[in-house]
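Sequence lines set the chain letters: A, B, ... in the order given, protein chains first and strands last, and positions in each chain run from 1.
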Number of protein chains: 2
Amino acid sequence: MSTTSKENYLKAIYNYQSLESDTATTSNLANYLNVSNAAISDMAKKLSDIGLITYEKYKGMELTSKGEKIALNVIRRHRLWELFLMKVLELKWSEVHDEAEQLEHHTSEALIDQIDKFLNFPDFDPHGHPIPKKNGLLPKYPKTLLLSNAELNRNYVFVRVNDRESELISFLTNLGLILNTNLTVKEKFSFDESIVVRINDRNISLSKKVSENMYVQLI
Amino acid sequence: MSTTSKENYLKAIYNYQSLESDTATTSNLANYLNVSNAAISDMAKKLSDIGLITYEKYKGMELTSKGEKIALNVIRRHRLWELFLMKVLELKWSEVHDEAEQLEHHTSEALIDQIDKFLNFPDFDPHGHPIPKKNGLLPKYPKTLLLSNAELNRNYVFVRVNDRESELISFLTNLGLILNTNLTVKEKFSFDESIVVRINDRNISLSKKVSENMYVQLI
DNA sequence: TTATAAAATTAAGCATGCTTAAATATATTT
DNA sequence: AAATATATTTAAGCATGCTTAATTTTATAA
């Protein structure tokens, strides 16, 4: 039985599994999902019992192919909703994530396929994340790097942003910093890891918190 | 705290309150919501505690104005979603009710207002039910009667259908019996309360079960 | 390598929203 | 009006998904 809660756990595990820099530990998941560590251990047992993850106490957990399939499906629903809400229903860039977070758990396959079709089978959501296809495959997309890891004085294009914090999205909106904007890192300050980027002939200072949630691509 | 379950109870109570023929009794609600009578009593206490209904043991319950406001809001979300799903996303007449039943509990006010606007503030859903406005008022609509109560050989137009059973909607679809179809009752059989109606020069037999879920209006 | 710190798990408990079975109140029949 | 039937409520219990506190395992440091 895949409940809203279980779908969110699977999504979170998928998320950590697809990072090179971090893994799906109990603490990470607890932090990500805003629940206690105990809740994670608890759920790990349940998800393991129903064959959606493998789990060895104190060792860690991993999605089974069945679990990954569900995770990708939820992510598909989320990202299609985000794009639909923005393009068709004109919700704000900073609003669509939270709205999709709800809708993703209450959308039939028939409906999501119609949304997919309506949008002409898009590859990316409004935050630049790839949208899993009906068959579960992700569209191909070029390698990206974190803006926080970008080199000085090279030309990049802003292609993706983590959207879990709507305040960050509002912040970027106010700066006019939308996807596909070109930028160059002009300075990096080691004391607080903030950076100065040049966009559209303007210099803008971005905190570490901001730059490590933005992804860029070398032009 | 208005949960999915509470919203469904409020909707059910509202539904029975707006019938002349029946009332919001424990048994009726239990039957409508597919739960035990005990569950109704249980929830009645809770809804009463948070001020959404008045409730006197063994006497019955009634929505407070606060409860009615929530009920109408859920109904608004339901009916707007139904119309949107059908008109924009091309879901079938028989599918939209069940889908809306889920979405209605997970839709922000900002989103539902955008849907309302997108549809140009419609008055009726695809099953002929009036859509509560943002201010909570229902659009005016003419008196209707149950097809099962219609008189012989008079001209009616089919204007509304109860949509809780998707099988009924599929059945009508297959007959080509859509809203705004003109019809005349040609015969009534007392032994099973079935009727014969004439639509588009065709005679069709409808069971009691069907005719008492269809609403018509005299032309 | 042993002590200590950090991470993970278990135990006990809680709220929500159900269930069935038993008890009680109301309605109907005789 | 008493007996019976029906409707409603209460009691006890269960699953889900959390919590905090205590315990156990693993990692880190002296």
field: Candidate pair B:K209 and B:E167, rule salt bridge (Lys or Arg N to Asp or Glu O under 4.0 Å), full reasoning
entry: CA-CA 12 Å; B:K209 183 73 193 293; B:E167 305 227 339; over 6 Å; no

- prompt: Could you go step by step and tell me if B:L47 and B:Y55 meet the side chain to side chain contact (heavy atoms under 4.5 Å, CB included) rule?
  reply: CA-CA 9 Å; B:L47 291 174; B:Y55 172 54; over 6 Å; no

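Taking only side-chain atoms of A:Y9, from C-beta outward, the nucleotide of C:dT10, D:dC18, C:dT19 with the closest atom is D:dC18. Taking every side-chain heavy atom of A:K59 into account, D:dT26 is the closest of D:dT26, C:dC18, C:dT26.
Between B:Y58 and C:dA23, a side-chain N or O to OP1/OP2 separation shorter than 4.0 Å is absent. Remark: A:S41 is not in phosphate contact with C:dA8, judged by side-chain N or O atoms under 4.0 Å from OP1 or OP2. Here A:Y55 reaches the OP1 or OP2 of C:dT9: one of its side-chain N or O atoms lies under 4.0 Å away. Here B:T25 does not reach the OP1 or OP2 of D:dA7: none of its side-chain N or O atoms lies under 4.0 Å away. Between A:T3 and D:dG17 there is a side-chain polar atom (N or O) within less than 4.0 angstrom of OP1 or OP2. When the side-chain nitrogen and oxygen atoms of A:K6 are compared with OP1 and OP2 of D:dG17, one or more of them lie within a distance under 4.0 Å. Between A:T26 and C:dA7 there is no side-chain N or O to OP1 or OP2 distance below 4.0 Å. One finds a side-chain N or O of A:K57 lying less than 4.0 angstrom from the OP1 or OP2 phosphate oxygen of C:dT10. OP1 or OP2 of D:dT8 lies within a sub-4.0 Å distance of a side-chain N or O belonging to B:S27. Within the structure, every side-chain polar atom (N or O) of A:K46 is placed at least 4.0 Å from both OP1 and OP2 of D:dA15.
Rounded to an integer number of Å, the gap from B:K45 NZ to C:dC18 C1' is 14 Å. In this structure, A:N28 atom CG and C:dA8 atom C1' are separated by 13 Å, rounded to whole Å. One can place CG of B:N37 at 19 Å from P of D:dA5, the figure rounded to the nearest angstrom. As rounded to whole Å, 15 Å separates atom C1' of C:dG17 from atom CG of B:N34. At whole-Å resolution of the value, CD1 in A:I50 and P in D:dA15 are 15 Å apart. Here the P atom of nucleotide C:dG17 and the CG atom of B:L29 are 16 Å apart, to the nearest Å. Look at CE on B:M43: it is 17 Å from P on D:dT8, rounded to the nearest Å. If you take CD of B:E7 and C1' of C:dT16, they are 15 Å apart, rounded to a whole angstrom.
A donor and an acceptor atom, one from each side chain of B:D125 and B:H78, are nowhere located under 3.5 Å apart. Checked by atom type, the side-chain pair A:T107/A:R77 shows no donor-acceptor distance below 3.5 Å. Between B:H106 and A:Q102, the side chains place no donor N or O within less than 3.5 Å of an acceptor N or O (distance only, hydrogens not considered).
Residue-to-nucleotide proximity on DNA chain D shows that, of A:A39 and A:M1, the 5′-proximal contact is made by A:M1.
Both tests hold for B:R164 against B:Y32: distance to the six-membered ring centre under 6.0 Å, angle to the ring axis within 45°.
No contact: B:A44 has no heavy atom under 4.0 Å from any strand.
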